[in-house]
Amino acid sequence: KEYIECKALAEIIQWPVEDKDVAEAVLIRIMGRAGDNDTEIDAIMAQFNLPIRFPPQALKESRLIPDEIPHEEKQKRRDFRNVSTFTIDPEDAKDFDDAISLRSLSKNRYEVGVHIADVTYYLHEDTSMDKEAQKRATSVYLADRVIPMLPEKLSNDLCSLKPDVERLTYSVVFETDIKGNIYNYWIGRTLIRSQRRFTYEEAQAVIETGEGDFAQELLIAHKIAQNLRKERFKKGALNVEQEEVKFKLDKDGKPLGIFIKYHKESNQLIEELMLLANKTVATHLGKGHGGKPSGKVFVYRVHDQPDAEKIREFSQFITNFGYKIKTDNPLVLAHSLNNLLSEIKGKPEENLIETLTIRSMAKAIYTTDNIGHYGLAFDYYTHFTSPIRRYPDVMVHRLLSYYLSKDGKKPDKDKLENLCRHCSEMERNAAEAERESVKFKQAEYMNDRVGRVYAGIITGVTEWGFYVELTETRCEGMVRLKDLDDDYYYFDAKNYRIVGRNKKRIYRIGDKVYVLVNKVDIQRRQIDLLPEIF
């Protein structure tokens, strides 16, 4: 007989009462051969309770939605079909929920439109589709697949702002100059027809060369975005841009390569205009006369000021690399962190310190109680621009409809706060699942590279060993004390280091090292390393 090691999902129905007892379980599903791509990704989905499929009723509702937009609905909306409009998204994007339009009003005045898929036109409250979207709260982007919040009929079709088709949108339209000064704005429902789908790389090429489709519009939008960006940082926004680890996969999901995605000016163009739209919507509804809160029930994206103890620990940690920050007050801290992030650009410790900067901050959450957004230096901020993949944006669109035209249910603060709490929890759950899928792919990739030597940086030390991030692949592995056989090593917790008792060899956080890939456990997503001593 041939025995194959498999992974399965089971429900524990009786826990052991005494040590000698065994747990009783009911087998729910055999996922497949352990180590296979689909099996391991399924296991991650089960671990984080991610959905496998949509309920039949939700799919049925989506299929019954007409493809054509009623003529009377078009007549109700501000028409942007003849205005230069385009989308800029990642090359592998399937859904396009935001588009940009731009036209010149006078010598130095421009109309910039931020157009967002009008999901709530199709997604009605209390339907099966809406209940499922609410339950999921967010799309989840695993290393090899997307688990969407909405059925494909909406996410990849009717709500996706594809080129050369009419789409219903919710828009924020600005009158601005090249410096990003806003003279007027309008918020409302619109009708658009995107004329071009850009990838970030294509838009970047136009920005760099000044040539290509919509070159004039892209260059003007780029200048406006860069000025908005400078002003944001001047007011104390944090300039944290963490790299994204991406994989080149074959048809079976096996990683053929790892590459790092860096944000360039085309990413910043979209980012700044989306931030502006989000801030404007939140300010429009949240800020009353005389600068006081309006008192309207609304959903905010908030980010609290950093915890003093976490910042103290972070400040102490970066001294291992020779860096210091000023912590006199929140604004001084923000500018000091930006100086630090600028100083580490291009250095081996860049990714580590950027990651730890984020971890030292409070977590951004959704709530009906506004406290502002420290990281962005905004008094009012919300999420309005991604309703295809985030349920809070759907909530914001519905609240906008209510306040702009009294269309919809009167807001219930307690119900909204509970939803905000749920969405914040699901966002964290999705982020953890995404990280686990990346760790799995990294382990799978490094499994074919056992015996190779890589340069890395020590990112952490513990009583059982030290962690090393490989510079080339951003994979993290461990050098275990039990595998260091050239001396007796001990953990010096006070100084964040591992010390050899006899030869006095020291491994400390921030040290650059060469390590050999010794062993990989794909199922546990663990990489064991050995130091190479030259």
Side-chain angles (χ1 to χ4, degrees), residues 5 34-35 40 43-44 47 245 255 258 309-310 312-323 344 347-360 432 435-534:
E5 186 179 356
E40 296 301 326
I44 291 170
Q47 179 185 346
V245 176
I258 298 179
E309 179 59 23
K310 284 187 177 180
R312 188 194 65 77
E313 291 174 0
F314 175 72
S315 179
Q316 183 179 348
F317 177 84
I318 61 173
T319 59
N320 290 286
F321 298 87
Y323 301 115
I344 63 174
K347 296 183 179 177
E349 63 268 24
E350 178 183 0
N351 188 49
L352 169 64
I353 292 180
E354 281 187 345
T355 300
L356 293 175
T357 301
I358 293 170
R359 288 180 187 170
S360 70
E432 289 173 15
R435 277 195 293 271
E436 283 301 309
S437 75
V438 168
K439 284 171 63 178
F440 162 58
K441 285 296 161 197
Q442 288 174 323
E444 193 178 18
Y445 180 77
M446 296 309 296
N447 191 47
D448 291 336
R449 286 151 184 83
V450 170
R452 293 192 189 181
V453 174
Y454 290 86
I457 184 168
I458 297 177
T459 56
V461 293
T462 71
E463 59 192 12
W464 54 83
F466 57 89
Y467 293 96
V468 177
E469 182 186 82
L470 308 184
T471 307
E472 181 184 328
T473 64
R474 299 298 190 267
C475 300
E476 188 175 67
M478 169 167 266
V479 175
R480 301 179 186 278
L481 288 193
K482 65 181 182 66
D483 292 331
L484 295 173
D485 56 7
D486 66 318
D487 200 349
Y488 176 81
Y489 287 86
Y490 66 92
F491 174 44
D492 179 2
K494 183 179 178 182
N495 296 300
Y496 298 98
R497 62 184 189 173
I498 302 289
V499 181
R501 180 163 291 172
N502 300 314
K503 300 178 181 178
K504 304 301 180 186
R505 185 176 183 87
I506 295 172
Y507 297 99
R508 61 167 64 84
I509 286 179
D511 280 355
K512 299 171 185 64
V513 292
Y514 285 92
V515 288
L516 178 139
V517 181
N518 184 44
K519 186 172 61 177
V520 176
D521 188 327
I522 293 177
Q523 293 183 54
R524 290 187 173 86
R525 303 153 207 157
Q526 292 175 350
I527 302 169
D528 284 357
L529 307 170
L530 291 175
E532 280 288 292
I533 300 171
F534 294 99

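Since this is a predicted model, take the numbers as computed values, not measurements.
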Q: May I have all residue pairs that pass salt bridge (Lys or Arg N to Asp or Glu O under 4.0 Å) and include part of residues 465-479, sequence neighbours excluded?
A: E243-R474
Separation between [atom1] of [X] and [atom2] of [Y], rounded to the nearest 0.5 Å:
X: E444; Y: E40; atom1: CD; atom2: CD; answer: 8.5 Å
X: L484; Y: R505; atom1: CG; atom2: CZ; answer: 9.5 Å
X: T357; Y: L352; atom1: OG1; atom2: CG; answer: 9.0 Å
X: F317; Y: S360; atom1: CZ; atom2: OG; answer: 11.0 Å
X: I509; Y: I318; atom1: CD1; atom2: CD1; answer: 12.5 Å
X: I458; Y: N320; atom1: CD1; atom2: CG; answer: 10.5 Å

Restricting to non-hydrogen atoms, name the atom on [X] and the atom on [Y] that form the minimum distance, rounded to 0.1 Å.
X: R497; Y: V461; value: N-CG2, 3.7 Å
X: S315; Y: T319; value: O-CG2, 3.4 Å
X: R525; Y: A443; value: CA-CB, 4.0 Å
X: R501; Y: K504; value: O-NZ, 3.1 Å
X: V468; Y: G456; value: CG1-CA, 3.9 Å
X: G465; Y: I498; value: O-CD1, 4.1 Å

For residues 445-452, which side-chain donor-acceptor pairs fall under 3.5 Å, sequence neighbours excluded?
from : atom 1 : to   : atom 2 : distance (Å)
Y445 : OH     : R449 : NE     : 3.3
D448 : OD2    : K254 : NZ     : 2.9
R449 : NH1    : Y445 : O      : 2.7

Q) Under the side-chain contact (heavy atoms from CB on, under 4.5 Å) test, which residues partner K519, sequence neighbours left out? A) D528
Going by the rule salt bridge (Lys or Arg N to Asp or Glu O under 4.0 Å), which residues pair with [X] if we only count those two or more places apart in sequence or in a different chain?
X: E313; value: none
X: R524; value: D521
X: R312; value: E309

Q) Hey, which of P255, S437, C475 is the one that makes side chain to side chain contact (heavy atoms under 4.5 Å, CB included) with Q442? A) C475
**Q.** Student check: side-chain heavy atoms of L529 and V517 closer than 4.5 Å
**A.** yes
(Q) Any non-hydrogen side-chain atom of L516 less than 4.5 Å from a side-chain atom of V453? (A) yes
Q.
Pair Y490, V499 - check side chain to side chain contact (heavy atoms under 4.5 Å, CB included), show working.
A. CA-CA 6 Å; Y490 66 92; V499 181; 3.7 Å; yes
Q. Where does the angle between the aromatic ring planes of Y489 and Y507 fall among parallel (under 30°), tilted (30 to 60°) and perpendicular (over 60°)?
A. tilted
Q. Relative to the ring of F321, is the ring of Y323 parallel (under 30°), tilted (30 to 60°) or perpendicular (over 60°)?
A. parallel
Q.
Donor-acceptor pair, distance only, cut-off 3.5 Å: does the side chain of D487 make one with the backbone of K503?
A. yes
